[in-house]
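See structure below.
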Protein chains: 2
Amino acid sequence: MLSHKAKYALKALLYLAQQDENHISRTIEIAEGANIPKKFLEQILLDLKRGRFVSSKQGKFGGYYLIRSKNDITLAEIHRLFDGAIALLPCASLNFYEPCSDCKTEEECSLRHGLMIIRDETLKAMQGITIASLVKK
Amino acid sequence: MLSHKAKYALKALLYLAQQDENHISRTIEIAEGANIPKKFLEQILLDLKRGRFVSSKQGKFGGYYLIRSKNDITLAEIHRLFDGAIALLPCASLNFYEPCSDCKTEEECSLRHGLMIIRDETLKAMQGITIASLVKK
DNA sequence: CCTAATTCCTAGTAAATCTATAGAATTTAC
DNA sequence: GTAAATTCTATAGATTTACTAGGAATTAGG
């Protein structure tokens, strides 16, 4: 399941993607438009900024705006930024790999192979969902 | 990500699936064989029993055994039993559906459609992974 | 009936994580 | 200088996770 943070991030990106080119959105505007607690959204927007999905203009008349095309921001990326690995266990993860601590023999974890299949399928599906694809629905 | 509970459940089922027909496995035997904390495993085995994946014999010389074919116990079922919904949000879930509280208009949540696509793909993949498929790897 | 071995049941607990909120510092436009 | 905004740091409350503890109930065998 997605965390609220990831869900709110997606909704915020969706909001930004629906604004006019060159429009800068204030946090409060996004919060009200997408029904997200404002103070919580502040943190999320900063995370999105650190992840280079959005940029910001500070000070009066400042706000946030997309710096990547809505056509290539995928659900997979947002999941990874906020909720981490897409795989079901760290030992099956591409970006968040860690060995299992409870697999005692040196051979691979018995679950790993199957979970890598799931990961590949889920990842492929998640990479097919973009912000743009969510907007035009 | 899978919880430890779900991971241990899979490993326990895997262990049971590898025993001889008619063999009854004690908790301690499974715990040591699959490297799972024993007291924690007790609870998990009870959950698996309530879910009708295994049955038990009580008292001295008692233990647990599979009551479903290892060919039709799927990862999807175990995920649902221990970790709940496979969908990324409750509003996109088949078995754990709940409406979003933060989608203000009466129209559908903007994320729902995309997340249902993911759910379908993930579910299909998870239904393809059985205990038997994990054993013969 | 007694004992040992096992499942079954209910609580509790420590740590982590999640979902925010608070308040002040910084930046910018005018 | 002032107002309006982002940015930063801290913290609090609730929930969840991953166990652990202790004992009741059940069963086999002597």
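The figures that follow rest on heavy atoms only: side chains count, while hydrogens, waters and symmetry mates do not. Order of the sequence lines fixes the chain letters, A, B, ..., with proteins taken first and strands second; residue numbering starts at 1 for each chain. On a predicted model such as this, the values are computed, not experimentally measured, just so you know.
Between the side chains of A/Glu29 and A/Tyr15, at least one donor N or O lies within less than 3.5 Å of an accepting N or O. Checking A/Thr130 against A/Asn71 by side-chain atom types alone, no donor-acceptor pair falls below 3.5 Å.
Distances were taken from every side-chain heavy atom of B/Ser3 (C-beta onward) to each of D/dG23, D/dA18, C/dA4; the shortest belongs to D/dA18. Of the candidate nucleotides C/dT7, D/dC19, C/dA20, D/dC19 has the atom nearest to the side chain of B/His4.
Within the nucleic acid shown, A/Gly62 comes within 4.0 Å of sugar-phosphate atoms alone, with no base atom in reach, counting heavy atoms only. Within 4.0 Å (heavy atoms only), A/Tyr8 reaches sugar-phosphate atoms of the nucleic acid but no base atom. Here A/Lys49 lies in heavy-atom contact (under 4.0 Å) with sugar-phosphate atoms only. When heavy atoms are screened at a 4.0 angstrom cut-off, B/Phe61 is found touching the sugar-phosphate backbone but no base atom.
To the nearest 0.5 angstrom, A/Ile78 atom CD1 is 11.5 Å from A/Met126 atom CE. In this structure, B/Ser133 OG and A/Ile117 CD1 are separated by 7.0 Å, a value rounded to the nearest 0.5 Å.
The phosphate of C/dT7 has neither OP1 nor OP2 within less than 4.0 Å of any side-chain N or O from B/Arg50. A sub-4.0 Å separation between OP1 or OP2 of C/dC8 and a side-chain N or O of B/Ser56 is present. Residue B/Tyr64 places at least one side-chain N or O closer than 4.0 Å to OP1 or OP2 of C/dC8. B/Lys57 has a side-chain polar atom (N or O) that falls below the 4.0 Å cut-off from OP1 or OP2 of D/dA28. In terms of phosphate contacts, B/Thr27 brings a side-chain nitrogen or oxygen within less than 4.0 Å of OP1 or OP2 of C/dT7.
Each of A/Phe82 and A/Lys38 has a nearest nucleotide on DNA chain C; the 5'-most of these lies closest to A/Phe82. Residue whose closest nucleotide on DNA chain D sits further toward the 5' end, between B/Gln58 and B/Asp83: B/Asp83.
Between A/Arg68 and A/Asp72 a salt bridge is recorded (basic side-chain N to carboxylate O distance below 4.0 Å). Using a cut-off of 4.0 Å between Lys/Arg side-chain N and Asp/Glu carboxylate O, B/Glu77 and B/Arg80 are scored as not salt-bridged.
The distance from atom NZ of B/Lys7 to atom P of D/dT17 is 15 Å, rounded to the nearest whole Å. Regarding A/Ile24, its CD1 atom lies at a distance of 12 Å from the P atom of D/dA5, rounded to whole Å. Atom CG of A/Leu45 and atom C1' of D/dT7 are 12 Å apart (whole Å). Protein atom CG of A/Leu48 is 15 Å distant from nucleotide atom C1' of D/dT7, rounded to whole Å. At whole-Å resolution of the value, CD in A/Gln43 and C1' in C/dA20 are 7 Å apart. A/Lys60 has its NZ atom 6 Å from the C1' atom of D/dA4, to the nearest Å. Distance B/Leu16 CG to C/dT7 P: 11 Å, rounded to the nearest Å. At whole-Å resolution of the value, NZ in B/Lys39 and P in C/dA11 are 15 Å apart.
Side-chain atoms of B/Glu42 stay outside donor-acceptor range of the base of D/dT20, with no qualifying N/O pair under 3.5 Å.
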